[in-house]
**Student:** 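Here you go, one structure.
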Amino acid sequence: MTAPVRDASPGLIIREKEPRNLEAPFDWADSYLTPTRRFYIRSHFAAPDVDAAAYRLCVDGAVTKPFSLTYQELRGMPPATRVALLECAGNSRVFLVPQAKGAQWALGAVGNAEWTGVPLASLLERAGVTDDACEVVLEGSDRGTPLEEPVPPGPISYARGLPRAKALRPEVLIAYQMNGRDLPRDHGYPVRAIVPGHYGMASVKWLTRIHAVREPFRGYWQTSDYAYWDRLDGQPVRRALRELRVKCEIARPGIDEALAPNQVYTVYGAAWAGETDVVAIEVTADGGNTWQAAQFLDPAHRYAWRRWTCEWRTPAKAGRYTVLARATAANGHVQPASHDPSYGSYAIHHALPIDVFVDDPGQDPGARQAE
Ligand code: MTE
């Protein structure tokens with residue numbers, strides 16, 4: 001059982017060729033489930049070639065009955081299927097001013113898929129996770145040496161610690177299928193974690209070990225990368241990124257799209273949040289003086305995105321306009337107007353400006369190009 005042949009990914013935007021970091025144009029976000037071939041790929045190292053016939057998933061650490069199981073044994077356990085969105089923590093980095101280091105993701109390092117697997121809680125219960133375990137470390141089989149400082153002393157495998165309470169939640173899956181088919185190699189074949197409600201870095205691909213620990217895990221992608229500055233008793237402290245922030249993105253109009261004046265135009269997008277639901281979307285094109293409510297196309301379904309539309313009348317006067325949309329979540333959180341620098345180049349969830357041109361029907365289109 002070798003890994004499926006790597007799919008070509010026509011139309012995905014290459015942010016890095018190897019390891020593969022590919023983004024989907026966000027105007028593709030027109031279906032509730034993102035087709036697998038249109039789902040972004042974010043990998044820190046080359047995708048490993050895992051042989052499912054030789055595969056073992058090891059469950060150990062702070063447990064009373066450590067065990068390992070084969071791919072077939074995992075697939076023989078009672079399955080669960082859930083729709084969940086993944087958003088890379090660096091999605092929308094290209095909107096940061098000044099420009100930040102790292103892959104220049106625009107709007108498309110996000111997708112909404114259906115995942116099938118076994119709840120992580122079933123595996124932890126079977127292993128008898130001890131009361132003093134505070135986190136569960138999920139480890140992938142991909143290895144390498146990160147390039148960013150501080151560079152670890154040697155190659156390390158991709159690993160993330162998940163708080164015990166979240167690890168035991170029924171939505172967290174050890175998945176082997178995406179949209180009804182075996183995971184493609186770039187998305188973690190044969191087995192990956194899916195942690196709905198957390199940024200994508202928590203959903204460890206090519207998963208080989210589930211390790212319960214008694215001390216919070218301080219690995220590279222927990223402290224150096226995918227971390228932010230919080231405050232504790234007045235002191236800045238580093239914390240691991242976890243829950244998704246409320247966010248909506250505009251799929252239509254596209255950046256720099258030319259629009260006809262004084263026409264009803266359907267603004268379209270998708271919105272999501274972490275451990276809560278998105279309850280409202282508003283759109284403005286006049287710098288926030290007036291906000292117009294959008295309508296949802298999808299019902300609220302925790303951990304999935306909600307697509308929305310807004311019938312907007314374009315301005316009568318030709319010129320450059322900025323369209324903004326902002327989402328509100330059931331817990332009262334609203335997308336902010338600007339990025340919080342404590343998060344560095346991650347968790348970019350402020351209302352993102354989409355500049356458009358309203359054309360003067362009498363104007364030579366070449367004149368706008370020259371602006
Ligand atoms: N798991 C492993 N083993 N190695 C990785 O590099 N990247 C993480 C996560 N899981 C990663 C990983 C990040 S940063 C994201 S955003 C998601 O996988 C992306 O999942 P996808 O490539 O299936 O979209």
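As the structure is a computational prediction, the values presented were derived from the model and not from experiment. In listed order, ligands and their atoms are each counted from 1.
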**Student:** Examine H44 against ligand 1 and note whether any of their N/O atoms are separated by less than 3.5 Å.
**Tutor:**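 Yes: some nitrogen or oxygen of H44 is under 3.5 Å from one in ligand 1.
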**Student:** Looking only at distances, please establish whether an N/O atom of ligand 1 is found under 3.5 Å from an N/O atom of S43.
**Tutor:**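 N/O-N/O distance below 3.5 Å does not exist for this pair.
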**Student:** Purely on distance, is any nitrogen or oxygen of Y158 under 3.5 Å from one on ligand 1?
**Tutor:**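 It does not: no N or O of Y158 is found under 3.5 Å from an N or O of ligand 1.
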**Student:** Check R192 against ligand 1 and report side chain, backbone, both or neither, counting heavy atoms closer than 4.0 Å.
**Tutor:**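 It is the side chain that gets close, since no backbone atom is under 4.0 Å.
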**Student:** Side chain, backbone, both or neither: which part of A202 comes within less than 4.0 Å of ligand 1 when only heavy atoms are counted?
**Tutor:**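 For A202, no heavy atom sits under 4.0 Å from ligand 1.
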**Student:** So is Y199 close enough to ligand 1, meaning a heavy atom under 4.0 angstrom away?
**Tutor:**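 Under 4.0 Å: no for Y199.
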**Student:** Tell me which part of Y40 gets within contact of ligand 1: side chain, backbone, both or neither, using heavy atoms under 4.0 Å.
**Tutor:**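 Both of them.
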**Student:** Taking the side chain as every heavy atom from C-beta outward, state whether L297 and Y32 have any pair of such atoms under 4.5 Å apart.
**Tutor:**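 They are not in contact (no side-chain heavy atoms under 4.5 Å apart), so the answer is no.
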**Student:** Which residue and atom name correspond to the protein heavy atom nearest atom 1 (N) of ligand 1, and how close is it?
**Tutor:**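 Of every protein heavy atom, K205 N, 2.8 Å lies nearest to atom 1 (N) of ligand 1.
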**Student:** May I ask you to decide if V278's main-chain N or O and R306's side chain share a donor-acceptor pair within less than 3.5 Å?
**Tutor:**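 Between the backbone of V278 and the side chain of R306 there is a qualifying donor-acceptor contact (under 3.5 Å).
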**Student:** Could you tell me if R126 sits above the aromatic ring of F67, with its cationic atom closer than 6.0 Å to the ring centre and no more than 45 degrees from the axis?
**Tutor:**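 Flagged: R126 positioned over aromatic ring of F67.
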**Student:** Assess whether a salt bridge exists between R302 and E275, defined as any Lys/Arg side-chain N lying under 4.0 Å from an Asp/Glu carboxylate O.
**Tutor:**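 The answer is no: the pair does not qualify as a salt bridge.
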